[in-house]
Amino acid sequence: GSGGGGSNGADGPTGSPVHGGVVRVAEAPSTFPNAIWPFDTASQESTVNTTQFQQLLYRPLYYWGLNDKVSLDPDVSIGQTPTWSADGNTVTIQLKPWKWSNGETVTAQDALFWINMSAAETTTGGNYTPPNTAIGAKYFPDNIASATASGQTLTLTLNTQVNQTWFLDNELSQIVPMPLAWDVTGAGQQGKCATDAFGSDAMKSDCAADYNYLSAASTKGSEYLSNPLWSVVNGPWKLKSYDGTSGAYGMVPNPSYSGPQKPYLDEVDFVPYTSATKEYADLQAGSSGANAIDFGYLPAENAATFNAKNPDTGNPLSGQGYYTNAPTYLDSIEYYQINFANPTVGPLFKQPYFTKALQETVDQQGMIDGIYKGWAYPTTGAVPAEPAGNPLSPKSAAEKATYDPAAAKQLLSSHGWDTNQTPAVCTSPGTGANQCGDGIAAGTKAAYTLEYPSGSTANDTMAADMRSDAAKAGISINTVSKAQNTIGTEGVACSPSQPAGCQWQALLYGGWVFNPDYYPTGDALFATGAGPNIWGFSDPKLDQLAAKVTKSNDVNDMYAYEDYIANDQPVIYIPNTLQTNEVTKKLHIDAGDPFQGFEPEYWYYTK
Amino acid sequence: MTTTTDMTSDLPAPAPGTEPVERPRSMLRRGWEVFSENKLALVAVGILVVIVGFCFLGPLFYHSDTTVVDLHSVTRPPGTGHPLGTDNDGIDELGKMMAGGQISLEIGLAAGLIAAVVGALYGAIAGYLGGWIDALMMRVIDSLMSFPLIFLLIYLSSVYGKSKTMLIMEVGFTSWFGITRLVRGEALTLKVRDYVSASRMMGARGNRIVLRHILPNTIGTTIVNTTFSIADAVFALSTLSYIGLGLQAPNNDLGGMLDIGTNYASQGFWWMIYPPAIVIILIILCFNVIGDALRDAFETRLQKR
Amino acid sequence: MALLELTDVRTEIRLKRSVVHALDGVSLSVDAGQTLGIVGESGCGKTMTAMSIMQLLPNGGDVVGGQVLLDGRDLLQLDDAAMDHVRGNEIGMIFQDPATSLNPTMTIGKQISESVRIHRHASRKEAHDRAVEALSLVGMPSPKQRALAYPHELSGGMRQRAMIAMALANEPKLLIADEPTTALDVTIQKQILELIDQLKHRLGMAVILVTHDLGVIAGRADQIAVMYAGKVVETADTETLYANPRHPYTEALFASLPERGADSGERLYSIPGLPPDLTRPPAGCRFAPRCRYATEECRTTEPPLDGELPEHRFACFHPVGEAETGAPAQVRDTAVTQATERTRTVRESAGGEPLLRVTNLVKEYPVTSGLLLRRKVGAVSAVADVSLTVDAGETVGVVGESGCGKTTLGKLIVGLEAPTGGELLFNGKDLTRAPRAERRQLRRDVQLMFQDSYAAMNPRMTVRTIMREPLDIHRIGSPSERDKRLREILDVVGLPSSALERYPHEFSGGQRQRIGLARALVLQPRLIVADEPVSALDVSIQSQVLNLMSDLRGEFGLSYLFISHDLSVVRYLADRIGVMYLGKLVEVGPAESVYSSPVHHYTRGLLDTVPVADPVLEKAKSSQGVAGELPSAIDPPSGCRFRTRCAAAQDLCASTEPPLVAFGAGDHLAACHFPLREAAAAQPA
Amino acid sequence: MTAYLIRRLLQSVVTVFMVTVISFGLMQLLPGGPVRAILGSHATPTTIAQLTHQMGLDRPVYVQYWNWLDGLLHGNLGFDYVQERPVSDLLFNALGASAFIVGAALILALLIAVPVGMVQAIKRNSALDHGFTVFSFVAYGIPTFFIGFLIQQWFEDDLKWVSVQNQVSTFGDALSNPEAVVLPIVTLTLTAVAGYSRYMRSGVLDQITQEYVRTAKAKGASSRRTLYAHVLRNALIPMATLIGLSLPNLVGGALIVEYVFNIQGIGLLTTRAAQQNDYSITLAATLLTAVVTAIGSLLADLSYAVLDPRVRLT
Ligand SMILES: Nc1ncnc2c1ncn2[C@@H]1O[C@H](COP(=O)(O)OP(=O)(O)OP(=O)(O)O)[C@@H](O)[C@H]1O
Ligand SMILES: Nc1ncnc2c1ncn2[C@@H]1O[C@H](COP(=O)(O)OP(=O)(O)OP(=O)(O)O)[C@@H](O)[C@H]1O
Ligand SMILES: [Mg+2]
Ligand SMILES: [Mg+2]
Ligand code: NI
């Protein structure tokens with residue numbers, strides 16, 4: 001959160017800020033940014049890449065997170081509040097004349113560059129959701145009829161009715177102005193993507209040429225510093241060092257940053273770790289050493305039981321010079337993905353009774369208490385219950401996580417499964433009410449493989465617990481731990497047109513932070529064919545409801561969507577965890593924003 | 001006896017044939033005597049027997065379910081119901097150690113035996129054939145031995161998988177080079193021994209010489225080094241598990257238990273670390289001590305005492 | 001007063017579970033300028049005596065009683081530092097195997113000068129000069145350069161010279177030589193013994209010469225002590241002892257010597273049984289269990305070391321030989337010399353095709369060099385153009401220095417090596433070129449008896465498996481027939497059939513050699529190639545094996561090709577003898593003829609070199625034997641290969657290779673341009 | 001001696017060549033072939049065909065091998081499709097820290113093990129000997145990672161003698177941050193000392209029973225002199241080959257301590273790559289370490305040849 005953040009006592013020392021100093025931040029185990037260009041593919045779209053790396057360098061048109069709420073921060077945004085034409089078909093945006101570090105002004109052309117790129121690169125762009133013609137739903141940029149830039153003014157004409165909140169929160173929020181210095185197709189070869197007319201054929205090929213060059217350069221870690229492309233920034237920070245082998249990188253203030261809140265610190269270093277154990281060992285060495293970690297995290301197994309009033313209670317590293325600030329409730333839901341289109345287990349997951357039974361075997365509260373010691377809260381549906389600011393329907397606000405393996409078992413046996421063995425076996429195939437369901441042959445086993453990220457004891461335990469509890473209901477989960485990256489590359493979209501991506505059965509990769517789809521309509525996540533929806537989930541009714549939200553300004557449409565999806569099970573929910581930070585006592589940081597971003601420009605040492 | 005073979009003169013000397021063919025202690029007996037003189041080795045055998053009993057027979061007497069996770073009783077210190085406490089999954093540590101020890105031992109032994117068979121055969125054949133073939137076969141071993149084992153193992157396990165059978169093959173594959181070298185060295189000296197010449201002169205072929213004469217005489221080396229390679233296999237396996245490239249949950253070997261346990265070191269949950277660590281160290285230690293004693297026993301085999 | 005005097009020395013070696021009573025009351029003395037010889041079977045305590053003097057006993061060893069007086073000073077009372085000063089300074093010592101007794105990573109010059117530096121506190125330079133001096137003293141050629149050589153760069157003889165130089169660098173009063181020549185060739189042995197003798201005179205020191213060889217000691221020692229089982233059983237001056245041994249053990253040792261039986265054709269005497277186990281030495285006379293004169297008294301009471309004359313003492317209640325009065329001894333017929341007539345075989349085939357005909361046999365081993373592709377850069381000429389016949393029932397002996405190609409010849413004949421050239425006809429059929437099946441058949445008729453039967457038996461197999469192996473390989477008979485055959489053969493070689501179930505290591509050396517012979521006999525061969533079958537055995541056991549071989553020859557009509565470096569053994573058994581030198585057969589002929597009137601200078605030298613167990617003969621020998629060392633077989637001398645060591649060599653010898661020509665009657669042939677006697681008029685084809 | 005040197009050199013050229021053949025073979029044996037391994041299981045036939053062609057994998061094996069080898073000789077270890085970087089970039093970066101740790105541990109271990117083994121042999125069966133024997137057995141029996149863990153526990157967490165928070169990846173890093181590498185080096189040294197000291201002990205014992213030692217004593221050399229002038233040198237010579245033989249072990253140990261102590265060396269890189277099924281790095285690192293150890297053993301052997309006069313003639 002920006003702006004008024006920091007009022008909370010748990011944000012640390014309240015003395016007056018000092019300018020200067022270096023902060024060393026511990027990275028999560030084996031996790032570090034690997035793409036610098038803020039135009040990510042689906043697999044590059046991770047919080048590490050976007051909010052902990054790219055956004056420090058390249059500021060989006062609209063910046064979210066005000067006072068730790070799901071709310072736009074107008075000061076930090078480049079774009080002024082958009083103005084709508086009366087008919088609601090045209091929206092005009094004035095860009096503040098911020099400067100790129102190469103001296104050029106951030107103009108509407110820069111925003112159009114991004115829009116053109118996203119219109120050309122629909123197959124590669126990670127945020128793209130294809131139009132659903134069956135229900136007449138269109139998403140960005142398919143819902144744009146024309147886009148023009150003139151000086152600081154960006155004008156977009158729509159070809160469909162939209163919910164304006166949604167359009168700002170979920171569509172305009174994606175736009176990241178790109179410097180014209182990037183409009184190149186090779187070193188020193190001028191491109192035309194930024195200047196082509198939106199939607200023209202020339203735009204498609206010109207942008208593709210730019211894309212090929214930029215996307216390749218974006219992953220060449222060894223050239224981040226040497227490649228002039230990436231020296232042009234407009235964020236508060238610029239890259240000082242980057243080591244693609246270890247994952248270490250450092251940021252220093254961008255002197256030509258034009259926005260508010262210029263950094264206090266001289267430098268922020270991100271320190272890689274291969275294991276949480278090692279990170280913890282370093283924290284234990286104390287915060288005073290020359291190379292001490294100033295901002296780390298406490299592995300779940302070492303945390304004391306969570307005390308919401310004073311998160312610092314029982315902090316094992318108090319003596320080492322650290323305090324624990326109030327945890328950030330991310331605007332997110334946690335789940336693992338089940339592959340509806342997997343030829344083997346897809347038919348199973350397509351049975352609502354089965355996924356419901358599966359969800360019943362997930363002991364969220366048990367995990368929260370047993371694994372996370374209270375540093376977590378249950379995921380109860382598709383719209384985050386925390387933090388404040390989300391449009392929760394009364395029904396979903398009242399939703400509780402349940403755990404009832406006996407009921408789950410009952411569900412299976414009442415649908416034609418022999419649950420006397422694990423895995424249960426379908427004995428009564430067919431589509432009747434008490435039969436296994438469509439596509440499930442006799443003898444099918446209630447079994448699938450769940451891959452989850454290695455390197456964290458908490459994850460291991462969670463997987464073991466889910467396996468153990470599912471077995472109680474006759475469902476056999478084969479849990480396999482793999483590196484986070486591996487799971488990321490494996491979990492590519494699975495669809496009839498991409499059968500090669502359908503190998504995996506279930507993946508615990510990480511949940512969804514509603515960023516930049518800040519309005520949790522689900523169109524960018526659960527809609528048929530949505531970019532992140534790689535698990536082949538498709539519910540025509542749901543698509544319709546979601547599409548309706550994008551068009552109507554009525555919040556009841558949102559509630560209708562929510563209440564519908566509450567009885568659906570697009571994913572299997574698991575607890576949302578709260579990160580336990582360990583911060584050097586001299587360092588003031590306010591609670592992080594709900595979008596998992598790092599905002600080190602707000603951090604300072606106190607006198 | 002005919003007169004011509006009567007070696008006695010008319011002198012009062014006993015016929016040489018009736019010389020007492022005194023039966024000295026047999027080779028095995030003598031080996032055992034040397035071995036059993038080594039008190040440390042006897043203790044090691046004892047400990048190993050206890051550990052094997054603990055791992056394989058223990059579950060018959062001590063019942064615990066090592067598959068059911070119980071998040072309401074995680075990381076309990078030792079106490080009633082859980083003599084060695086519980087782990088982060090709420091699983092009884094003692095029962096888990098039995099299961100983990102079983103797997104560690106099974107893989108270690110199987111891999112060690114594979115190494116012994118492959119290594120001894122390869123070495124004996126290379127040594128016997130000699131010349132170009134030997135040179136080539138040994139360069140292969142040289143280069144395989146240049147690979148740091150753990151690198152090779154990491155590669156193999158990440159590529160070919162981490163199931164029990166694959167791990168046996170992988171660990172087995174990486175542990176036969178040492179035996180091969182030694183056996184080959186011995187084969188080189190054995191094949192020029194007179195008894196091999198004698199056999200060759202009688203018309204014996206290569207396979208007979210390798211199988212009947214060379215291999216049996218390298219058995220000492222092979223046994224001694226199998227013992228060591230079992231220790232090494234257990235060692236390697238635990239390392240592999242520790243870095244997360246060994247067996248996958250819910251099949252945990254002792255190394256995997258340590259991997260988890262060490263995460264809780266700063267919490268003071270000693271029962272998740274030291275019991276499995278001690279068992280694994282004891283297994284490795286015992287096999288090494290036994291191997292050492294066996295080597296002594298085999299080396300002094302023909303020594304007059 | 002004697003220079004060194006041992007009184008009642010008792011030495012024990014403490015093992016883990018037992019104590020070896022290695023020396024039990026040994027009393028000896030040596031005077032300055034005298035040589036004391038110590039003889040006895042293996043394990044009787046010769047080395048322990050030497051080591052007790054030097055106080056260099058193995059781990060656990062300790063002198064537990066007695067006195068070792070050197071110049072009246074008891075060495076046993078000295079502390080470590082003082083003893084260090086005695087070793088190498090007052091007493092020098094040389095060991096059996098110069099190859100292992102020298103530090104492999106230090107130049108010999110350094111090793112010698114170390115001794116000088118320790119005792120004389122000499123500077124590096126002085127010590128080095130002294131080392132070079134010592135090397136020239138021991139007759140090392142070009143001592144200056146050799147001082148800089150490492151042991152492995154020297155030949156065996158030179159190494160032993162270096163050892164001697166080291167021992168003598170400080171001109172000690174006493175030199176102890178423990179089997180100084182056992183590891184060396186006869187010709188070198190002679191040179192080394194001569195050298196020690198010379199140096200003894202030159203330096204006026206006392207020498208203790210330890211050996212198991214009665215011949216070696218005969219010509220060298222002034223006094224002799226015969227040891228048995230940790231005790232001195234007889235001691236006398238050399239002439240007396242050889243002429244009139246009083247202890248039955250000494251007597252038996254002499255009777256076992258093949259040279260004593262060679263002329264007479266008598267069976268050799270062999271001492272039954274084995275020496276006692278010194279961890280539990282028997283009460284009474286230790287020789288009693290093996291003694292043919294032993295009585296009850298011998299088994300209970302220990303005989304004192306005593307005698308009619310103080311110079312000749314023996315520990316026996318029933319001495320043999322002549323009681324002495326101080327007058328010159330008269331050799332008496334002892335029981336031994338009345339041994340039965342040895343069964344002489346009759347040579348079956350005179351004329352006709354011999355059993356084995358070797359013609360122009362050549363074997364060269366390639367010498368390779370090069371990096372990856374091993375190029376052949378030369379050849380070891382191991383056997384060069386040898387022609388030889390063995391008739392049925394005949395024993396042909398082959399003698400020669402080490403490395404002359406004897407073993408290679410044997411291997412070629414039994415088919416363990418393929419010849420480079422020449423022909424091997426067995427029974428008229430070519431052994432190397434016959435069809436495979438026939439060759440297999442022929443091979444069965446030629447068997448090899450190894451020098452070390454123990455090494456020739458797989459230690460992991462029982463005697464049954466070992467002996468059955470030839471039958472198994474050739475698939476002869478049913479299993480029960482095979483076993484029957486084994487038992488028969490064992491019976492023949494005088495072993496009980498219970499031996500079948502045992503392992504080789506459970507037998508004594510002599511028994512093993514019998515098993516080796518038995519195995520060779522299993523296939524009922526017609527020719528046995530025996531490669532040094534007795535050279536690893538003690539004389540007493542050696543005689544058993546020789547007797548057995550000789551007996552079997554008659555029973556089975558066997559022929560032997562008998563290979564040995566020991567001329568006396570060959571002479572005892574062989575009908576004809578071939579002398580090899582550096583791959584060549586230089587002389588061949590009937591045994592008597594070759595011995596009594598050798599033609600080739602090499603044969604002559606060899607005969608002179610071989611020590612004979614007769615002090616009179618031995619001391620009378622004037623010739624130096626064969627000088628120098630065997631040249632390399634890689635690049636053998638041109639012409640006559642012996643010319644480099646031959647006193648009679650002339651230019652002709654270098655340019656032309658002498659052919660084998662007949663000398664005298666029979667088939668006595670020799671290859672020499674300047675023979676010791678005139679060639680026969682008619683040359684054989 | 002030159003002949004020996006050259007032969008040994010050629011031998012290790014052959015060995016290194018074999019190392020590359022084996023590595024290449026391992027790469028070929030990847031399930032589904034190298035391309036599928038690179039692209040992952042979800043690759044489409046067209047992308048597979050594309051990359052297959054691009055990598056030249058549709059050519060005969062020997063051509064592929066040749067091209068691959070040619071690349072190796074030019075420092076090209078392949079391209080990592082997971083991290084999208086040339087493998088050599090990644091590897092050479094990480095080599096420094098590993099080299100420092102291995103080198104330091106090797107030297108330290110020898111400095112400790114040689115005198116320890118010697119003393120053990122001389123004072124054979126004394127309490128000291130038994131003590132060290134037990135120590136080396138135990139040190140040998142404890143998995144390296146656990147030794148590392150214990151050392152970290154004691155020195156870093158409990159005693160707080162060192163605090164290690166530095167990221168070390170290059171040789172220079174290691175040199176300038178001794179605190180960061182001291183514990184890993186201690187760990188590795190401990191394991192190495194165990195092996196070396198036992199070897200040294202038995203080497204000295206071997207030599208002590210040699211006959212030339214008896215000769216030296218017969219010369220009147222004192223026990224001290226015998227030991228230093230004769231036994232020690234001869235016992236040290238075979239240590240040279242031992243160093244060569246133990247190098248792979250040491251490098252393997254380095255991998256583990258890097259993992260435990262978070263040193264950004266080649267071991268950690270490999271482990272991480274393996275955890276991410278990033279075969280090209282794992283394989284290249286394996287190959288690289290094998291080549292380095294092969295060269296190491298060569299050097300050890302050569303020093304053996306220099307030390308032992310007996311080798312010179314052969
Ligand atoms: N290191 C040792 N440990 C135990 N016993 C030994 C040792 N050395 C010699 N002996 C025993 O001491 C006795 C005397 O041995 P010694 O070496 O003096 O015999 P030897 O007469 O020199 O024999 P050889 O002719 O074989 O050299 C033998 O019984 C032998 O077994
Ligand atoms: N396999 C071999 N390769 C190369 N050279 C050999 C081989 N075997 C023997 N020689 C050489 O051939 C020559 C004759 O050796 P051989 O063993 O026949 O001699 P020998 O007379 O039996 O000697 P000894 O009395 O020592 O047994 C020697 O110079 C020896 O070095
Ligand atoms: Mg001796
Ligand atoms: Mg020979
Ligand atoms: Ni804030």
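As the structure is a computational prediction, the values presented were derived from the model and not from experiment. Lettering follows sequence order; numbering is per chain, from 1.
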Taking side chain as everything from C-beta outward and backbone as N, CA, C, O, which of these in [X] sits under 4.5 Å from a heavy atom of chain B? Side chain, backbone, both or neither.
X        : answer
D/Leu150 : side chain
D/Tyr140 : both
D/Val291 : neither
D/Ser297 : neither
D/Thr144 : both

_By the side-chain hydrogen bond (donor to acceptor under 3.5 Å, both in side chains) test, which pairs, at least two apart or in different chains, include something from residues 244-261 of chain D?_
D/Ser98-D/Glu258, D/Tyr196-D/Ser246
*Considering heavy atoms only, which positions within residues 224-240 of chain B lie below 4.5 Å of chain D?*
B/Phe235, B/Ser238, B/Thr239
_How long is the straight-line distance from CZ of B/Phe151 back to CG of D/Leu283, given to the nearest 0.5 Å?_
12.0 Å
*Rounded distance [0.5 Å steps], OG1 in D/Thr286 versus CG in B/Leu153*: 10.0 Å
_Qualifying salt bridge (Lys or Arg N to Asp or Glu O under 4.0 Å) pairs, either residue in residues 261-271 of chain B, two or more places apart_ = none
*Can you tell if the side chain of D/Phe137 reaches within under 4.5 Å of the side chain of B/Val289, non-hydrogen atoms only?*
yes
*asked:* Applying salt bridge (Lys or Arg N to Asp or Glu O under 4.0 Å), can you list everything that pairs with B/Asp142, at least two apart in sequence or on another chain?
replied: B/Arg139, B/Arg181
*asked:* So, applying side chain to side chain contact (heavy atoms under 4.5 Å, CB included) with B/Phe147, which one of D/Ile22, D/Thr289, D/Thr293 is it?
replied: D/Ile22
_Would you say that more than 12 heavy atoms from the other residues, nucleotides or ligands in this model lie under 6.0 Å from the CE of B/Met166, or not?_
yes
